[in-house]
Amino acid sequence: MPMTVTTPRPMTTAPPATTVTGGANLQLIFCNDPDTVCVFNPDENATGPLPIDPRVGTTPGPSAAFRSDIDSQVPSYDTAVRFPRQRRDVQLISIKDFLNELSKTDDKHIISKRQSCRCVPSGTCINNGNNSPAGMIDVRIVTPGGTQCPSGQEYCCGNTTAPIVDTTQIACGTVQTVPTTAVVPTTGQANFGEFPWQALILTKQNDYIAGGVLIDSLNVVTVTHRLASYVVSGTAPNIKVRLGEWDAAGTYEPIPYQEYTVQKVFTHPSYNVNTLQFDITVLRLTAAVPFTPSAGAAKTINRACLPSAANASYTGQRCFVSGWGKDMFGISGQYQQILKKVEVPIVAPDVCQNQLRSARLGPTYVLDTTSFVCAGGEANKDSCTGDGGSGLVCQKNGQWVAVGLVAWGLGCASANVSGVYVNIAGLLPWIQAQVATT
C-alpha cells in the first residue's frame, strides 16, 4: 500500500530529475510538506485498514452478529483466544536522508547463520556461560517440526559439550532392573535377568552341554564331568558360551543374549572321574564381557563374586541354585525351557556326610570338604540331572557370591539327602591361578 502520511500536493510540472549513483529506482510522490517524501509501492494501491482475514469470532463482542456465510451451528459468543497483532508503523524521512540512503553502495549485507537445533544428551547443551536455563528447560510448546526428544535427551539450539561417559563398572554379584517379558514366570521359574551370571554352555550346533558361572570378564567356571569329552588339548573348538539367556527355546526376550567362543580350557589336574573330586574347569573366553554401560554392558549379564577366602563358610544360609536341568530324576524328567531356580540351605559338612552315608554310600564314606560343599536336603527342592555346572549362589553384604557348582547327588529332591556341589571357596587358590594365566 502507499506509504503516505499526508495528502499529496498536486503538481502540474514535474521537478527536475535528480541523478543518484547506486541504489534502487522508486517512484516518489511529493507531499504537501516539502521536507517529507511519500514512497509509493507499485505492487499495492489499496488504502485503509490492513487487508487481513480475521478468524471468525476473534473481534466481535459477545453480542455482536456473526457473518451470514458462517454455519448457523456456530455459537453466538466468542471463546477464542485473541493474540496481540501489531500494524507496521509508517516512518517519515526527509528527502535529503532518503537520497543519502539510496547513494550507499559499499554496505555489506551480513547474513547470520541460524543455529541448528537438535536433540542432544541431557546436560550437554551449552547455555553461553550465563545463568539462563535456555536449552535446558522443556518449553510447553511442540518443538519445531513436531520433534520431541526421547528420554535422556534435551532440545538444544546451541553448542554442546562432550557427553558424560558412564565408566562406572557394575559391581559383581548385583542384579539390575530389566524390562519385563511377555511371558510371566510361574512358580519355580526365575525372573528374566534374575541370575545374570548364569552361563549356558552349548556346542556350536546349539546342543546343550552344561551350565556355568561367569566370574569375571573373561572366565567362566563349570564342571569337568560335563565338558571332558569336548576338550581337545586345552581347547574347545566346538563349544560356545551363551550369556543373558532365559527362555532357551524363545527369542522374544527384550534384551537378547550374547554368545562367546572359548579360547582356552583349564581343567583341574586332580580331577577324579570316579569320585568327581576336583570337578572344576575354567573356560577362557575369546573376547571380554563388558561390565560398563559405555562399553555396551547388558543389564542381564554380570559376574558373580568369588568367595573372600578359601575357608569362607556359608553353613546355615539359604541360597539359590538355577539351571535348565530336568525337573525330576530318571527318564521321566524333562529339561526346562525357562531358567528355573530353587532355594536351598547350606548344610554343614558333617551333617551332609552322615546323610550320604545313610542314604547309599555306607559308613566308610568320607566327604572331601576341599572339593565339595552340600546344600538342600529338603523334599522336592533340589538341583537335578542336567543342572551340572550351574551356580549355587549366596548373598553377602548385598552381593551374590558363587559358593558352589552343581556336581552330583543321590537321586534328586529327597528329604534329608543333600545335593553335592563343587566347593568354589575350597578351590579358590586354583581358580585364581588360572584366571591370572595369560
Side-chain angles (χ1 to χ4, degrees), residues 185-190 194-195 198-201 207-213 221-228 245-249 272-277 279-280 314-362 365 367-369 371-394 402-424:
T186 60
T187 302
Q189 293 180 338
E194 187 176 1
F195 297 92
Q198 176 74 51
L200 183 60
I201 301 172
D207 296 319
Y208 176 77
I209 299 175
V213 175
V221 290
T222 186
V223 288
T224 303
H225 78 266
R226 302 283 297 186
L227 268 293
E245 180 62 284
W246 181 66
D247 186 338
N272 187 318
V273 67
N274 296 313
T275 63
L276 296 187
Q277 291 169 286
D279 185 17
I280 189 167
Y314 301 88
T315 299
Q317 188 171 342
R318 298 195 69 85
C319 305
F320 281 91
V321 60
S322 57
W324 288 274
K326 290 185 177 182
D327 54 358
M328 64 178 65
F329 187 70
I331 60 175
S332 298
Q334 300 291 322
Y335 282 94
Q336 302 301 290
Q337 175 179 326
I338 293 178
L339 184 67
K340 297 197 73 174
K341 66 178 180 179
V342 63
E343 184 182 31
V344 292
I346 303 297
V347 178
D350 58 335
V351 174
C352 179
Q353 179 176 274
N354 288 332
Q355 289 176 340
L356 297 175
R357 285 177 175 180
S358 300
R360 185 190 301 172
L361 300 183
Y365 175 76
L367 181 69
D368 181 354
T369 55
S371 293
F372 304 123
V373 63
C374 299
E378 298 176 344
N380 303 315
K381 298 177 69 176
D382 200 1
S383 57
C384 202
T385 306
D387 284 323
S390 292
L392 170 68
V393 294
C394 302
V403 172
L405 302 173
V406 177
W408 60 273
L410 303 178
C412 295
S414 298
N416 299 316
V417 181
S418 297
V420 183
Y421 298 77
V422 174
N423 186 357
I424 291 182

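With contacts defined as side-chain heavy-atom distances shorter than 4.5 Å, the pair V351/T315 does not qualify. Between I338 and W246 the shortest side-chain heavy-atom distance falls below 4.5 Å. In this structure, H225 and V273 have side chains that are not in contact, with every pair of non-hydrogen atoms separated by 4.5 Å or more. Taking 4.5 Å as the limit, some side-chain heavy atom of S390 sits within range of a side-chain heavy atom of Q198. The shortest distance between side-chain heavy atoms of K341 and E194 falls below 4.5 Å. The shortest side-chain heavy-atom distance between F372 and P349 does not fall under the 4.5 Å cut-off. Side-chain contact between T222 and V213 is absent, with no heavy-atom pair separated by less than 4.5 Å. Inter-residue side-chain proximity for W408 and Y421 is flagged as unmet; no heavy-atom pair is nearer than 4.5 Å.
A distance-only check finds no donor-acceptor pair linking the side chain of W324 to the backbone of L200 [under 3.5 Å]. Here the side chain of D387 pairs a donor or acceptor atom with the backbone of G325 at under 3.5 angstrom. The backbone N or O of K340 lies less than 3.5 Å from no partner atom in the side chain of S322, so there is not a single donor-acceptor pair. Proximity of a side-chain donor or acceptor of R357 to a complementary backbone N or O of Y365 within less than 3.5 Å is detected. Using a distance-only test at 3.5 Å, with no hydrogens or angles considered, a donor-acceptor pair links the side chain of T224 to the main chain of I280.
Heavy atoms only, all atoms of each residue included: D279 and A407 are closest at OD2-CB, 4.3 Å. Between V422 and V373, the shortest heavy-atom distance links the atoms O-CG1, 3.9 Å. Of all heavy-atom pairs spanning A375 and L392, the tightest one is CB-CD2, 4.0 Å. For the pair I209 and R226, the tightest heavy-atom approach, listed with the atom from each and the gap, is O-NH2, 2.6 Å. Contact record, S418 with V347: OG-CG2, 3.3 Å, taken as the closest heavy-atom pair. Across every non-hydrogen atom of V393 and C319, the tightest pair is O-CB, 3.0 Å.
Atom CG of D247 and atom CG of L339 lie 10.0 Å apart (nearest 0.5 Å). For the atom pair R360 CZ and L410 CG, the distance stands at 4.5 Å (nearest 0.5 Å). For the atom pair CG (L367) and OG1 (T275), the distance works out to 11.0 Å, reported to the nearest 0.5 Å. Taking CD from Q353 and OG from S358, the interatomic distance works out to 10.5 Å, rounded to the nearest 0.5 Å. Rounding to the nearest 0.5 Å gives a distance of 5.5 Å between SG of C374 and CG of L356. Atom CG of N423 and atom OG of S371 lie 8.0 Å apart (nearest 0.5 Å).
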Practice problem: Take V223 and V406 through the test side-chain contact (heavy atoms from CB on, under 4.5 Å) and record every step on the way to the result. | Solution: CA-CA 8 Å; V223 288; V406 177; over 6 Å; no
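Side chains of N416 and Q355: a donor-acceptor N/O pair is absent below 3.5 angstrom, by distance only.
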